[in-house]
S.K.: 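Okay, handing you the structure first.
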Number of protein chains: 2
Amino acid sequence: MQLIERAFHHEREQLRQCGLKITTQRLIILKELMNHADHPTVHMIHEAVKKELPAVSVDTVYRTLLSFSEAGLCTVLDGMGEARRFDPKRTVHHHFICNNCGKIVDFACTEFDNLQLPSVFKKGFTVENKSVRLSGLCPDCNK
Amino acid sequence: MQLIERAFHHEREQLRQCGLKITTQRLIILKELMNHADHPTVHMIHEAVKKELPAVSVDTVYRTLLSFSEAGLCTVLDGMGEARRFDPKRTVHHHFICNNCGKIVDFACTEFDNLQLPSVFKKGFTVENKSVRLSGLCPDCNK
DNA sequence: TTATTAAATAGGAATTATTCTTATTTGTCA
DNA sequence: TGACAAATAAGAATAATTCCTATTTAATAA
(Lines give C-alpha, C1' and ligand atoms only; values in the text may rest on other atoms or scores of the structure.)
Protein backbone atom coordinates (compact mmCIF):
# COMPACT_ATOMS: atom_id res chain seq x y z
CA MET A 1 0.00 0.00 0.00
CA GLN A 2 2.97 2.34 0.07
CA LEU A 3 2.37 3.31 -3.51
CA ILE A 4 -1.24 3.99 -2.86
CA GLU A 5 -0.33 6.02 0.18
CA ARG A 6 1.88 8.38 -1.74
CA ALA A 7 0.07 8.70 -5.04
CA PHE A 8 -3.53 9.24 -6.07
CA HIS A 9 -3.59 12.72 -4.60
CA HIS A 10 -6.13 13.91 -7.10
CA GLU A 11 -8.41 10.89 -6.81
CA ARG A 12 -8.21 11.05 -3.06
CA GLU A 13 -9.29 14.65 -3.13
CA GLN A 14 -12.20 13.93 -5.46
CA LEU A 15 -13.52 11.17 -3.23
CA ARG A 16 -13.14 13.33 -0.16
CA GLN A 17 -15.07 16.17 -1.75
CA CYS A 18 -17.92 13.79 -2.50
CA GLY A 19 -17.96 12.37 0.99
CA LEU A 20 -17.04 8.91 -0.24
CA LYS A 21 -14.87 6.67 1.90
CA ILE A 22 -11.38 6.36 0.52
CA THR A 23 -10.53 2.79 -0.36
CA THR A 24 -7.82 1.33 -2.56
CA GLN A 25 -10.46 -0.06 -4.91
CA ARG A 26 -12.14 3.29 -5.33
CA LEU A 27 -8.91 5.13 -5.98
CA ILE A 28 -7.93 2.75 -8.73
CA ILE A 29 -11.40 2.50 -10.25
CA LEU A 30 -11.63 6.27 -10.33
CA LYS A 31 -8.27 6.62 -11.99
CA GLU A 32 -9.20 4.05 -14.65
CA LEU A 33 -12.56 5.63 -15.26
CA MET A 34 -10.96 9.00 -15.86
CA ASN A 35 -8.52 7.40 -18.30
CA HIS A 36 -11.34 6.10 -20.46
CA ALA A 37 -12.79 8.59 -22.87
CA ASP A 38 -14.62 5.79 -24.65
CA HIS A 39 -17.68 5.47 -22.42
CA PRO A 40 -16.49 2.30 -20.78
CA THR A 41 -18.69 -0.53 -19.58
CA VAL A 42 -18.31 -2.13 -16.17
CA HIS A 43 -16.49 -4.97 -17.86
CA MET A 44 -13.92 -2.67 -19.44
CA ILE A 45 -13.15 -0.95 -16.16
CA HIS A 46 -13.05 -4.25 -14.33
CA GLU A 47 -10.46 -5.61 -16.76
CA ALA A 48 -8.32 -2.52 -16.40
CA VAL A 49 -8.52 -2.46 -12.63
CA LYS A 50 -7.68 -6.15 -12.30
CA LYS A 51 -4.22 -5.40 -13.67
CA GLU A 52 -3.44 -3.41 -10.57
CA LEU A 53 -5.74 -5.19 -8.16
CA PRO A 54 -6.24 -8.77 -9.35
CA ALA A 55 -8.75 -9.74 -6.69
CA VAL A 56 -11.22 -6.95 -7.28
CA SER A 57 -14.75 -8.24 -7.86
CA VAL A 58 -17.16 -7.23 -10.61
CA ASP A 59 -19.65 -6.33 -7.99
CA THR A 60 -17.30 -3.82 -6.44
CA VAL A 61 -16.65 -2.20 -9.79
CA TYR A 62 -20.37 -2.07 -10.37
CA ARG A 63 -21.27 -0.62 -7.02
CA THR A 64 -18.41 1.82 -7.17
CA LEU A 65 -19.21 3.16 -10.61
CA LEU A 66 -22.83 3.58 -9.63
CA SER A 67 -21.88 5.48 -6.50
CA PHE A 68 -19.54 7.65 -8.54
CA SER A 69 -22.44 8.53 -10.77
CA GLU A 70 -24.66 9.30 -7.80
CA ALA A 71 -21.91 11.47 -6.41
CA GLY A 72 -21.61 13.31 -9.70
CA LEU A 73 -18.13 12.07 -10.58
CA CYS A 74 -19.47 10.57 -13.80
CA THR A 75 -22.73 9.89 -15.56
CA VAL A 76 -24.47 6.78 -16.79
CA LEU A 77 -25.87 6.91 -20.29
CA ASP A 78 -29.61 7.04 -19.78
CA GLY A 79 -31.56 3.91 -20.30
CA MET A 80 -28.63 1.69 -21.09
CA GLY A 81 -28.56 -1.42 -18.99
CA GLU A 82 -32.32 -1.65 -18.98
CA ALA A 83 -34.44 -4.12 -20.90
CA ARG A 84 -35.10 -3.16 -24.48
CA ARG A 85 -38.30 -1.20 -25.04
CA PHE A 86 -40.36 -1.12 -28.22
CA ASP A 87 -42.41 1.78 -29.42
CA PRO A 88 -45.32 1.31 -31.79
CA LYS A 89 -45.94 5.02 -32.21
CA ARG A 90 -44.81 6.13 -35.63
CA THR A 91 -45.01 9.87 -35.45
CA VAL A 92 -41.87 11.77 -34.50
CA HIS A 93 -41.61 12.11 -30.75
CA HIS A 94 -39.21 11.99 -27.84
CA HIS A 95 -39.01 10.34 -24.45
CA PHE A 96 -38.85 11.17 -20.79
CA ILE A 97 -37.70 8.23 -18.64
CA CYS A 98 -38.39 8.14 -14.93
CA ASN A 99 -35.24 7.20 -13.05
CA ASN A 100 -37.28 5.72 -10.26
CA CYS A 101 -40.11 3.67 -11.78
CA GLY A 102 -38.86 3.40 -15.35
CA LYS A 103 -42.02 4.84 -16.82
CA ILE A 104 -41.59 6.40 -20.24
CA VAL A 105 -43.53 9.48 -21.27
CA ASP A 106 -43.73 10.64 -24.88
CA PHE A 107 -43.53 14.25 -25.90
CA ALA A 108 -43.16 16.31 -29.02
CA CYS A 109 -40.61 19.05 -29.58
CA THR A 110 -40.72 20.60 -33.00
CA GLU A 111 -38.07 23.22 -32.17
CA PHE A 112 -35.69 20.36 -31.63
CA ASP A 113 -36.84 18.47 -34.70
CA ASN A 114 -35.93 21.49 -36.76
CA LEU A 115 -32.41 21.90 -35.43
CA GLN A 116 -29.53 21.29 -37.82
CA LEU A 117 -27.15 18.47 -37.03
CA PRO A 118 -23.65 19.50 -35.98
CA SER A 119 -21.39 19.63 -39.00
CA VAL A 120 -19.26 16.73 -37.70
CA PHE A 121 -21.99 14.39 -38.86
CA LYS A 122 -22.23 15.75 -42.38
CA LYS A 123 -19.32 13.64 -43.62
CA GLY A 124 -18.84 9.92 -43.11
CA PHE A 125 -21.71 9.37 -40.70
CA THR A 126 -25.20 8.20 -41.54
CA VAL A 127 -27.56 9.56 -38.92
CA GLU A 128 -30.65 7.37 -38.92
CA ASN A 129 -32.26 8.60 -35.78
CA LYS A 130 -32.23 11.75 -33.76
CA SER A 131 -34.02 12.09 -30.47
CA VAL A 132 -34.15 13.93 -27.21
CA ARG A 133 -34.03 11.96 -24.03
CA LEU A 134 -35.07 13.51 -20.75
CA SER A 135 -34.72 11.71 -17.46
CA GLY A 136 -35.64 12.48 -13.91
CA LEU A 137 -38.65 11.86 -11.72
CA CYS A 138 -42.21 11.52 -12.91
CA PRO A 139 -45.05 13.12 -10.91
CA ASP A 140 -45.89 9.84 -9.19
CA CYS A 141 -42.35 9.30 -8.01
CA ASN A 142 -41.88 12.91 -7.06
CA LYS A 143 -43.29 12.44 -3.57
CA MET B 1 -57.16 -21.21 -37.24
CA GLN B 2 -60.59 -20.16 -38.46
CA LEU B 3 -60.51 -17.07 -36.33
CA ILE B 4 -57.10 -16.12 -37.56
CA GLU B 5 -58.22 -16.69 -41.11
CA ARG B 6 -61.07 -14.25 -40.87
CA ALA B 7 -59.69 -11.52 -38.67
CA PHE B 8 -56.45 -9.62 -38.52
CA HIS B 9 -57.08 -7.91 -41.83
CA HIS B 10 -55.12 -4.86 -40.83
CA GLU B 11 -52.17 -6.74 -39.36
CA ARG B 12 -52.06 -9.00 -42.37
CA GLU B 13 -51.90 -6.02 -44.65
CA GLN B 14 -49.13 -4.38 -42.63
CA LEU B 15 -46.99 -7.50 -42.77
CA ARG B 16 -47.60 -7.88 -46.44
CA GLN B 17 -46.56 -4.32 -47.15
CA CYS B 18 -43.31 -4.93 -45.32
CA GLY B 19 -42.61 -8.13 -47.18
CA LEU B 20 -42.78 -10.19 -43.99
CA LYS B 21 -44.17 -13.70 -44.08
CA ILE B 22 -47.58 -13.90 -42.49
CA THR B 23 -47.63 -16.24 -39.51
CA THR B 24 -50.07 -16.62 -36.68
CA GLN B 25 -47.38 -15.55 -34.22
CA ARG B 26 -46.61 -12.39 -36.11
CA LEU B 27 -50.25 -11.41 -36.47
CA ILE B 28 -50.85 -11.72 -32.76
CA ILE B 29 -47.57 -10.11 -31.73
CA LEU B 30 -48.26 -7.20 -34.03
CA LYS B 31 -51.74 -6.73 -32.66
CA GLU B 32 -50.46 -6.77 -29.08
CA LEU B 33 -47.64 -4.39 -29.86
CA MET B 34 -50.06 -1.89 -31.35
CA ASN B 35 -52.23 -2.17 -28.25
CA HIS B 36 -49.38 -1.12 -25.99
CA ALA B 37 -48.80 2.60 -25.79
CA ASP B 38 -46.50 2.05 -22.83
CA HIS B 39 -43.27 1.17 -24.63
CA PRO B 40 -43.52 -2.51 -23.84
CA THR B 41 -40.61 -4.83 -23.18
CA VAL B 42 -40.29 -8.23 -24.82
CA HIS B 43 -41.50 -9.74 -21.58
CA MET B 44 -44.68 -7.67 -21.56
CA ILE B 45 -45.56 -8.61 -25.11
CA HIS B 46 -44.69 -12.23 -24.49
CA GLU B 47 -47.05 -12.36 -21.52
CA ALA B 48 -49.86 -10.79 -23.54
CA VAL B 49 -49.34 -13.05 -26.54
CA LYS B 50 -49.24 -16.21 -24.42
CA LYS B 51 -52.88 -15.66 -23.52
CA GLU B 52 -53.85 -16.27 -27.12
CA LEU B 53 -51.01 -18.54 -28.09
CA PRO B 54 -49.75 -20.34 -24.99
CA ALA B 55 -46.86 -22.11 -26.67
CA VAL B 56 -45.19 -19.05 -28.14
CA SER B 57 -41.53 -18.80 -27.21
CA VAL B 58 -39.68 -15.75 -25.90
CA ASP B 59 -37.25 -16.10 -28.71
CA THR B 60 -40.00 -15.76 -31.27
CA VAL B 61 -41.32 -12.64 -29.61
CA TYR B 62 -37.81 -11.26 -29.55
CA ARG B 63 -36.99 -12.04 -33.14
CA THR B 64 -40.36 -10.85 -34.29
CA LEU B 65 -40.21 -7.50 -32.52
CA LEU B 66 -36.73 -6.92 -33.85
CA SER B 67 -37.83 -7.69 -37.38
CA PHE B 68 -40.79 -5.38 -36.95
CA SER B 69 -38.40 -2.63 -36.00
CA GLU B 70 -36.18 -3.35 -38.99
CA ALA B 71 -39.24 -3.27 -41.17
CA GLY B 72 -40.27 0.08 -39.72
CA LEU B 73 -43.40 -1.15 -37.97
CA CYS B 74 -42.03 0.05 -34.66
CA THR B 75 -38.86 1.44 -33.14
CA VAL B 76 -36.54 0.29 -30.39
CA LEU B 77 -35.50 2.92 -27.87
CA ASP B 78 -31.87 3.62 -28.69
CA GLY B 79 -29.27 2.08 -26.52
CA MET B 80 -31.62 0.15 -24.29
CA GLY B 81 -30.75 -3.49 -24.02
CA GLU B 82 -27.04 -2.78 -24.18
CA ALA B 83 -24.62 -2.92 -21.30
CA ARG B 84 -24.51 0.17 -19.13
CA ARG B 85 -21.92 2.76 -20.19
CA PHE B 86 -20.24 5.29 -17.96
CA ASP B 87 -19.06 8.70 -18.99
CA PRO B 88 -16.33 10.51 -17.10
CA LYS B 89 -16.66 13.70 -19.13
CA ARG B 90 -18.32 16.37 -17.05
CA THR B 91 -19.02 19.12 -19.53
CA VAL B 92 -22.42 19.19 -21.19
CA HIS B 93 -22.43 17.06 -24.30
CA HIS B 94 -24.47 14.58 -26.29
CA HIS B 95 -23.98 11.20 -27.91
CA PHE B 96 -24.01 9.52 -31.25
CA ILE B 97 -24.23 5.72 -31.02
CA CYS B 98 -23.21 3.52 -33.91
CA ASN B 99 -25.87 0.90 -34.54
CA ASN B 100 -23.30 -1.43 -35.97
CA CYS B 101 -20.23 -1.36 -33.75
CA GLY B 102 -21.65 0.34 -30.70
CA LYS B 103 -19.07 3.09 -30.69
CA ILE B 104 -20.16 6.27 -28.95
CA VAL B 105 -19.11 9.68 -30.22
CA ASP B 106 -19.50 12.83 -28.15
CA PHE B 107 -20.67 16.11 -29.58
CA ALA B 108 -21.79 19.50 -28.38
CA CYS B 109 -24.97 21.27 -29.42
CA THR B 110 -25.55 24.59 -27.72
CA GLU B 111 -28.64 25.39 -29.75
CA PHE B 112 -30.23 22.36 -28.21
CA ASP B 113 -28.91 23.11 -24.76
CA ASN B 114 -30.69 26.43 -24.92
CA LEU B 115 -34.08 25.08 -25.92
CA GLN B 116 -36.91 25.37 -23.42
CA LEU B 117 -38.45 22.19 -22.10
CA PRO B 118 -42.00 21.48 -23.26
CA SER B 119 -44.48 22.89 -20.77
CA VAL B 120 -45.73 19.41 -19.80
CA PHE B 121 -42.62 19.03 -17.69
CA LYS B 122 -43.01 22.29 -15.82
CA LYS B 123 -45.41 20.78 -13.29
CA GLY B 124 -44.92 17.56 -11.34
CA PHE B 125 -41.84 16.34 -13.13
CA THR B 126 -38.26 16.83 -12.05
CA VAL B 127 -36.09 16.79 -15.14
CA GLU B 128 -32.57 15.90 -14.06
CA ASN B 129 -31.04 15.28 -17.41
CA LYS B 130 -31.68 16.38 -20.95
CA SER B 131 -29.75 15.04 -23.87
CA VAL B 132 -29.78 14.42 -27.56
CA ARG B 133 -29.15 10.96 -28.80
CA LEU B 134 -28.22 10.32 -32.41
CA SER B 135 -27.85 6.87 -33.84
CA GLY B 136 -26.83 5.48 -37.17
CA LEU B 137 -23.58 4.37 -38.75
CA CYS B 138 -20.16 5.73 -37.90
CA PRO B 139 -17.64 6.38 -40.69
CA ASP B 140 -15.88 3.05 -40.08
CA CYS B 141 -19.07 1.06 -40.38
CA ASN B 142 -20.32 3.06 -43.31
CA LYS B 143 -18.55 0.90 -45.87
C1' DT C 1 -54.10 -28.28 -55.51
C1' DT C 2 -49.74 -30.11 -54.35
C1' DA C 3 -44.70 -30.49 -53.80
C1' DT C 4 -40.61 -27.84 -52.84
C1' DT C 5 -37.89 -24.85 -50.28
C1' DA C 6 -36.47 -21.23 -47.49
C1' DA C 7 -37.95 -19.04 -43.53
C1' DA C 8 -40.02 -19.23 -38.98
C1' DT C 9 -40.76 -21.50 -34.72
C1' DA C 10 -40.42 -24.09 -30.04
C1' DG C 11 -37.74 -25.47 -26.57
C1' DG C 12 -34.14 -25.28 -24.09
C1' DA C 13 -29.28 -24.35 -23.45
C1' DA C 14 -25.77 -20.80 -23.33
C1' DT C 15 -24.20 -16.13 -22.60
C1' DT C 16 -24.04 -11.78 -20.64
C1' DA C 17 -25.43 -8.15 -17.54
C1' DT C 18 -26.91 -7.08 -13.16
C1' DT C 19 -28.17 -7.78 -8.38
C1' DC C 20 -28.12 -10.13 -4.08
C1' DT C 21 -26.30 -12.68 0.10
C1' DT C 22 -23.08 -13.57 3.52
C1' DA C 23 -18.95 -13.55 5.90
C1' DT C 24 -14.97 -10.80 6.28
C1' DT C 25 -12.23 -6.65 6.06
C1' DT C 26 -11.37 -1.80 6.37
C1' DG C 27 -12.00 3.30 6.89
C1' DT C 28 -13.62 6.84 9.91
C1' DC C 29 -14.21 9.11 13.90
C1' DA C 30 -14.67 9.62 18.72
C1' DT D 1 -6.83 2.77 19.86
C1' DG D 2 -11.60 0.69 19.59
C1' DA D 3 -16.25 0.50 17.89
C1' DC D 4 -19.13 0.55 14.18
C1' DA D 5 -20.93 1.43 9.82
C1' DA D 6 -19.58 0.91 5.30
C1' DA D 7 -17.11 -1.56 1.75
C1' DT D 8 -15.53 -5.73 -0.17
C1' DA D 9 -14.88 -10.66 -2.25
C1' DA D 10 -16.90 -14.58 -3.83
C1' DG D 11 -20.13 -16.75 -5.70
C1' DA D 12 -25.07 -17.62 -6.22
C1' DA D 13 -29.29 -15.82 -8.19
C1' DT D 14 -31.91 -13.33 -11.52
C1' DA D 15 -32.89 -11.20 -15.80
C1' DA D 16 -32.06 -10.12 -20.60
C1' DT D 17 -30.50 -11.70 -24.82
C1' DT D 18 -28.75 -14.92 -28.12
C1' DC D 19 -27.84 -19.35 -29.97
C1' DC D 20 -28.70 -24.24 -31.50
C1' DT D 21 -31.32 -27.86 -33.48
C1' DA D 22 -35.13 -30.37 -34.93
C1' DT D 23 -39.60 -29.47 -36.61
C1' DT D 24 -43.28 -26.86 -38.76
C1' DT D 25 -45.15 -23.69 -41.97
C1' DA D 26 -45.94 -20.01 -45.54
C1' DA D 27 -44.95 -18.76 -50.21
C1' DT D 28 -44.62 -20.16 -54.68
C1' DA D 29 -44.09 -22.59 -58.88
C1' DA D 30 -45.83 -26.42 -61.59
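What you see below is based on every heavy atom in this structure, not just the backbone, and it leaves out hydrogens, waters and symmetry mates. Residue numbering restarts at 1 for every chain, and letters A, B, ... go by the order of the sequence lines.
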S.K.: Rounded at 0.5 Å granularity, tell me how far CG in B/N114 sits from SG in B/C109.
M.R.: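 Interatomic distance, B/N114 CG to B/C109 SG, rounded to 0.5 Å: 9.0 Å.
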S.K.: Does A/S57 make a side-chain N or O approach to OP1 or OP2 of D/dA9 shorter than 4.0 Å?
M.R.: yes
S.K.: How many whole angstroms separate atom CG of A/L66 from atom P of C/dA17?
M.R.: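 Rounding to the nearest Å, CG of A/L66 and P of C/dA17 are 15 Å apart.
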S.K.: Return the value, rounded to whole Å, for the distance between atom NE2 of A/H43 and atom C1' of C/dT19.
M.R.: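 Interatomic distance, NE2 of A/H43 to C1' of C/dT19: 17 Å.
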S.K.: Detail all sub-3.5 Å separations between protein N/O atoms and N/O atoms belonging to nucleotides 19-24 of chain D.
M.R.:
residue, atom, partner, partner atom, Å
D/dC19, N4, B/D59, OD1, 2.5
D/dC19, N4, B/D59, OD2, 3.4

S.K.: What does the list of N/O pairs under 3.5 Å between the protein and nucleotides 3-6 of chain D look like, with a distance for each?
M.R.:
residue, atom, partner, partner atom, Å
D/dA6, O4', A/K21, NZ, 3.0

S.K.: Any side-chain N or O of A/Q25 under 4.0 Å from OP1/OP2 of D/dA9?
M.R.: yes
S.K.: Is there a side-chain contact between B/S135 and B/N99, using heavy atoms and a 4.5 Å cut-off?
M.R.: yes
S.K.: Measuring only between side-chain heavy atoms, which start at C-beta, is A/F96 closer than 4.5 Å to A/I104?
M.R.: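 Of all side-chain heavy-atom pairs linking A/I104 with A/F96, none is under 4.5 Å.
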S.K.: Using a cut-off of less than 4.0 Å, is there contact between a side-chain N or O of A/T64 and OP1 or OP2 of D/dT8?
M.R.: yes
S.K.: Would you find more than 12 non-hydrogen atoms of other residues, nucleotides or ligands less than 6.0 Å from B/K122 atom NZ?
M.R.: yes
S.K.: Over how many whole Å does the gap from A/H46 atom NE2 to C/dA17 atom P extend?
M.R.: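 In whole Å, C/dA17 P lies 13 Å from A/H46 NE2.
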S.K.: Please give the angle, rounded to 10 degrees, between the axes at the start and the end of the helix from C/dT1-D/dA30 to C/dA30-D/dT1, where five pairs define each axis.
M.R.: 40°
S.K.: May I ask you to check whether A/F121 and B/F107 place their ring centers less than 6.0 Å from one another?
M.R.: yes
S.K.: Are OP1 or OP2 of D/dT25 and a side-chain N or O of B/T23 less than 4.0 angstrom apart?
M.R.: no
S.K.: How many whole angstroms separate atom CG of A/L53 from atom C1' of D/dA7?
M.R.: 13 Å
S.K.: What contact category does A/V56 fall into here, base, sugar-phosphate, or nothing, at under 4.0 angstrom with non-hydrogen atoms?
M.R.: sugar-phosphate
S.K.: With a 4.0 Å cut-off, would you call A/R85 and B/D38 a salt bridge?
M.R.: no
S.K.: Could you tell me how far apart A/R85 (CZ) and D/dT17 (P) are, to the nearest whole angstrom?
M.R.: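 Nearest whole value for this atom pair: 11 Å.
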S.K.: So, are A/E11 and A/R26 salt-bridged, with charged N and O less than 4.0 Å apart?
M.R.: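 Judged by the 4.0 Å cut-off on N to carboxylate O distance, A/E11 and A/R26 do not form a salt bridge.
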S.K.: On DNA chain D, check which nucleotide each of A/R84 and A/L20 is closest to and give me the residue with the more 5' one.
M.R.: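 The 5'-side residue here is A/L20.
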S.K.: When the distance from OH of A/Y62 to C1' of D/dT8 is rounded to whole Å, what number comes out?
M.R.: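 Atom-to-atom, A/Y62 to D/dT8, this comes out as 17 Å.
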S.K.: So A/S57 and A/T60, side-chain hydrogen bond (donor to acceptor under 3.5 Å, both in side chains) or not? Walk me through it.
M.R.: CA-CA 5 Å; A/S57 72; A/T60 294; 3.0 Å; yes
S.K.: Is it the case that atom NE2 in B/H93 sees more than 12 heavy atoms from other parts of the structure closer than 6.0 Å?
M.R.: yes
S.K.: Does A/K103 come within less than 4.0 Å of A/D140, counting only side-chain N to carboxylate O?
M.R.: yes
S.K.: Expressed in angstrom and rounded to an integer, what is the separation of B/I28 atom CD1 from C/dA10 atom P?
M.R.: 10 Å
S.K.: On DNA chain C, check which nucleotide each of B/A83 and B/P54 is closest to and give me the residue with the more 5' one.
M.R.: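 Final value for this comparison: B/P54.
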S.K.: Under 4.0 Å between a Lys/Arg side-chain N and an Asp/Glu carboxylate O for B/K31 and B/E52?
M.R.: yes
S.K.: Quick check for you: to the nearest 0.5 Å, what is the distance between A/T126 atom OG1 and A/N129 atom CG?
M.R.: 13.0 Å
S.K.: What orientation do A/F112 and B/F112 show, parallel under 30°, tilted 30 to 60°, or perpendicular over 60°?
M.R.: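 Aromatic pair A/F112/B/F112 classed perpendicular.
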S.K.: Among the nucleotides C/dT18, D/dA7, D/dA26, which one has an atom lying closest to any side-chain atom of A/R63?
M.R.: D/dA7
S.K.: Expressed as a whole number of angstroms, how long is the span from A/I45:CD1 to C/dA17:P?
M.R.: 14 Å
S.K.: Between B/S67 and C/dA7, is there a side-chain N or O to OP1/OP2 distance below 4.0 Å?
M.R.: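 So the side chain of B/S67 is outside the cut-off, no N or O lying under 4.0 Å from OP1 or OP2 of C/dA7.
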S.K.: Which sits closer to the 5' end of DNA chain C, B/A55 or A/E82, going by the nucleotide each is nearest to?
M.R.: B/A55
